[in-house]
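Working notes, structure below.
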Amino acid sequence: MLGVRVDCVDMTSALRRIESLVEAGGHHLVATVNPEFVMRAHSDREFARALDSADLCLPDGSGVVWAARRQGCEMQGPVTGTDLIPPLADLCARREWRLFLLGAGPRVAADLAARLKAQHPALEVAHHEGSAEPSADDETVRVVAEHRPHVLLVAFGAPKQELWIERAGRRIEVPVAIGVGGAFDYLTGRVPRAPGWMRRAGMEWLFRLVRQPWRLRRMAVLPVYAARVLTER
Ligand code: UDP
């Protein structure tokens, strides 16, 4: 999409792909691509390179789904990090895979880990607030590596989380690392999510904008994104 990879997947096939990436071992990056990612990749080469190296790019947001449908992809709807985490935790519990939650604000990852553990008592889940600053890399890598996770969720926001995974995450043997943005905040109720009808109508962005007006600067790229999608050949 405008030079950025987006995989034509729904939730079921995304989970299947993640399952086979974990089974394959090694190190894989999964990105949750929204229109802001696409636009940023045009001006930020380091971020574009990180996205290029991703093994799976999930369609995160109605703007990406709209553009994908124009290209003939029969997508039911977005596959967001927030929607992915509960079934992914279920998968990890069933397969006895260790899950690690990294990032977000104070106590957020700890809170989410406790909630997931309550829902899946068999789940092995660890957490660390950490920091996206390169000066913290050694410490963060040490803490995460100690738990030997199969799946690592990184909530530092884009592009920090993808750059962290490329720079520091590669030093850890973690089969799947996923940048999940503000998903921990939504799943712990710290930030309210748009009601279901608004999400289904592809209006989640409007709800976020009203609740978090500081997003306006970031969202200013959206009309340019839409114009480029409409004129893309
Ligand atoms: N965050 C962080 N460290 C940072 C910057 C952000 O842990 O240096 C967290 C922040 O607390 C939030 C998430 O990263 O939980 C990013 O949220 P944002 O709403 O920006 O992500 P989006 O969902 O828009 O991608």
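Just follow the structure's listing: the first ligand is 1, and inside any ligand the first atom is 1.
- With hydrogens and angles left out, the side-chain atoms of Arg94 and His120 include no donor and acceptor closer than 3.5 Å.
- In this structure, atom 23 (O) of ligand 1 lies nearest to the protein heavy atom Gly182 N, 2.9 Å.
- Here the heavy atom of the protein found nearest to atom 19 (O) of ligand 1 is Arg215 NH2, 2.8 Å.
- Taking atom 12 (C) of ligand 1 as the reference point, the nearest protein heavy-atom neighbour is Asp185 OD2, 3.2 Å.
- Within the 4.0 Å heavy-atom cutoff, Arg208 counts among the residues contacting ligand 1.
- A salt bridge links Asp83 with Arg193; the closest basic N to acidic carboxylate O contact falls under 4.0 Å.
- Here Glu36 has no heavy atoms under 4.0 Å from ligand 1, in either its backbone or its side chain.
- Of all protein heavy atoms, the one lying nearest to atom 6 (C) of ligand 1 is Phe156 O, 3.2 Å.
- Under the 4.5 Å side-chain heavy-atom criterion for grouping Ile, Leu, Val, Met, Phe, Trp and Tyr, Met1 is connected to Phe47 within one hydrophobic cluster.
- Remark: minimum distance from atom 20 (O) of ligand 1 to any protein heavy atom is reached at Arg218 NH2, 2.7 Å.
- In summary, the atoms of ligand 1 found under 4.0 Å from a heavy atom of Lys160, numbered by their order in the structure, are 4 (C), 5 (C), 8 (O).
- Side chains of Asp10 and Ser13: a donor on one and an acceptor on the other come within 3.5 Å.
- Close approach of ligand 1 to Ala155 (heavy-atom distance below 4.0 Å) involves ligand atoms 1 (N), 2 (C), 7 (O), 9 (C), 13 (C), 14 (O).
- Linking ILVMFWY residues whenever their side-chain heavy atoms come closer than 4.5 Å, directly or via other members, places Val180 and Leu21 in the same cluster.
- Side-chain contact annotation: Glu166 with Ser53, donor-acceptor N/O pair under 3.5 Å present.
- Among all protein heavy atoms, the one lying closest to atom 7 (O) of ligand 1 is Ala104 N, 3.0 Å.
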